[in-house]
Amino acid sequence: MKKFSRLTAVLILAVLAVVLFSGCKNNGGLLPTDSASPSGSTPVTSATPGIPGWASPSGSPVETTPSITPSTTPSTSGGGTVITKAEYSFTLPEGFKDDGTGVYYAPDYPNDASNINVTTGSTDPDFASYTSASLEQLYEEVFSSTMGETVDIEMVGFTYTTVSGKTALRASMRYSLYGFEVYQMQCAVQTSSQIITFTYTQMMGQGWEQAFDASADSIVVY
């Protein structure tokens, strides 16, 4: 079994950072206190691993029924606002909103909790050597070690590519957490000094997959 470094685990946790449930807006969801924070935002802090604000007064999870029916019809294009930062630029899906912290929300948030999160972290010497199976295993280990949850990750897409001439990893997955069926797609780009990770998240059935792909296709890294 390949041993993954703590640094690598923290970087990969960006993929799991924005599981935002309907009616529960926060700037990082599953990020523990020492994880990469959204680009341009204040680091997320939480007394315990988990989802800040998603608990009853007794500390137990609130029983909710997730909505998987889109309240609006998602555009299949990435033709929304162009986000330009010093390190990167990309185009949001049409209607997505910029909250100024590196997290972007669906037009009908919080009824539709779909979102995009951008994080930065240190370079990873193993970045170009992952396989679909090893990445799937790492995601599951991160859930187990940080949340004590056994999560069965189903990788539905995995490819190495280039973005602005730099090595990039694009992976998509499905999994279930607290009764929610989640789809996530990640495009991570390694530069000479850092990894920039774009993470696209939706509850299954919201219909943003094509728009997420179009947005990821628009990424430019400087």
Side-chain angles (χ1 to χ4, degrees), residues 11-31 38 51 54 64-78 80 90-97 102-119 130-144 146-147 149-159 161 168-189 197-219:
L11 296 176
I12 295 301
L13 192 57
V15 179
L16 313 174
V18 285
V19 184
L20 301 179
F21 298 93
S22 295
C24 177
K25 179 176 180 179
N26 63 72
N27 288 332
L30 308 182
L31 280 171
I51 304 173
W54 196 74
T64 60
T65 302
S67 172
I68 61 172
T69 302
S71 53
T72 58
T73 301
S75 168
T76 58
S77 74
F90 74 112
T91 303
L92 296 175
E94 186 175 347
F96 265 61
K97 304 167 187 176
V103 182
Y104 309 92
Y105 297 99
D108 195 31
Y109 186 89
N111 295 315
D112 176 356
S114 303
N115 60 89
I116 303 166
N117 175 276
V118 184
T119 60
Y130 292 111
T131 65
S132 178
S134 67
L135 201 58
E136 180 180 296
Q137 177 185 337
L138 180 55
Y139 291 147
E140 292 175 347
E141 289 174 354
V142 169
F143 268 120
S144 178
T146 63
M147 297 186 65
E149 294 289 333
T150 299
V151 176
D152 183 16
I153 303 292
E154 179 190 1
M155 298 294 291
V156 294
F158 180 93
T159 186
T161 184
L169 171 59
R170 196 152 156 176
S172 56
M173 73 208 74
R174 300 187 185 106
Y175 57 88
S176 177
L177 181 65
Y178 299 136
F180 290 83
E181 297 298 321
V182 179
Y183 169 85
Q184 248 171 357
M185 188 267 285
Q186 170 198 18
C187 182
V189 186
T197 304
F198 301 79
T199 303
Y200 298 78
T201 305
Q202 70 163 12
M203 301 304 161
M204 290 298 297
Q206 294 291 355
W208 289 105
E209 291 95 329
Q210 286 182 276
F212 283 171
D213 283 338
S215 176
D217 287 343
S218 75
I219 294 169

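Along the sequence shown, residues carry numbers from 1.
- Annotation: the span from Glu141 atom CD to Ile153 atom CD1 amounts to 11.5 Å, rounded to 0.5 Å.
- Distance OH/Tyr105 to CG/Leu92: 12.5 Å, rounded to 0.5 Å.
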Worked check of side chain to side chain contact (heavy atoms under 4.5 Å, CB included) between Val156 and Met185: CA-CA 9 Å; Val156 294; Met185 188 267 285; over 6 Å; no
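- Every residue two or more places apart in sequence or in another chain that forms a side-chain contact (heavy atoms from CB on, under 4.5 Å) with Ser132 is listed here: Met155, Phe158.
- Once rounded to the nearest 0.5 Å, the distance linking CD1 of Ile116 with CZ of Phe96 reads 4.5 Å.
- When atom types are taken as modelled, the side chain of Gln186 and the backbone of Thr197 share no donor-acceptor pair closer than 3.5 angstrom.
- Residues Thr131 and Gln137 fail the side-chain proximity criterion, which asks for heavy atoms closer than 4.5 Å.
- Note that the CE atom of Met173 and the OH atom of Tyr139 stand 4.0 Å from one another [nearest 0.5 Å].
- Ser215 contributes a side-chain N or O that, together with a main-chain N or O of Thr91, makes up a donor-acceptor pair within less than 3.5 Å.
- Two rings, from Tyr104 and Phe90, have their centers less than 6.0 Å apart.
- Considering all non-hydrogen atoms of both residues, Lys97 and Pro107 come closest at NZ-O, 2.8 Å.
- Distance check: Phe143 CZ to Leu138 CG gives 11.5 Å after rounding to the nearest 0.5 Å.
- With Trp208 as the fixed residue, the side chain to side chain donor-acceptor pair (under 3.5 Å) test singles out one of Asp213, Thr201, Asp112: Asp112.
- From Tyr200, atom OH reaches atom SG of Cys187 across 7.0 Å, with rounding to the nearest 0.5 Å.
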Please lay out, stage by stage, how Val182 and Arg174 fare under the test side chain to side chain contact (heavy atoms under 4.5 Å, CB included). CA-CA 6 Å; Val182 179; Arg174 300 187 185 106; over 6 Å; no
Walk me through whether Glu140 and Tyr175 qualify under side-chain hydrogen bond (donor to acceptor under 3.5 Å, both in side chains). CA-CA 10 Å; Glu140 292 175 347; Tyr175 57 88; over 6 Å; no
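- Although no hydrogens or angles enter the test, the distance criterion places no donor-acceptor pair under 3.5 Å between the side chain of Ser114 and the main chain of Ala106.
- By the side-chain contact (heavy atoms from CB on, under 4.5 Å) test, Glu149 pairs with Met147, Val151, Leu177, Tyr178, sequence neighbours left out.
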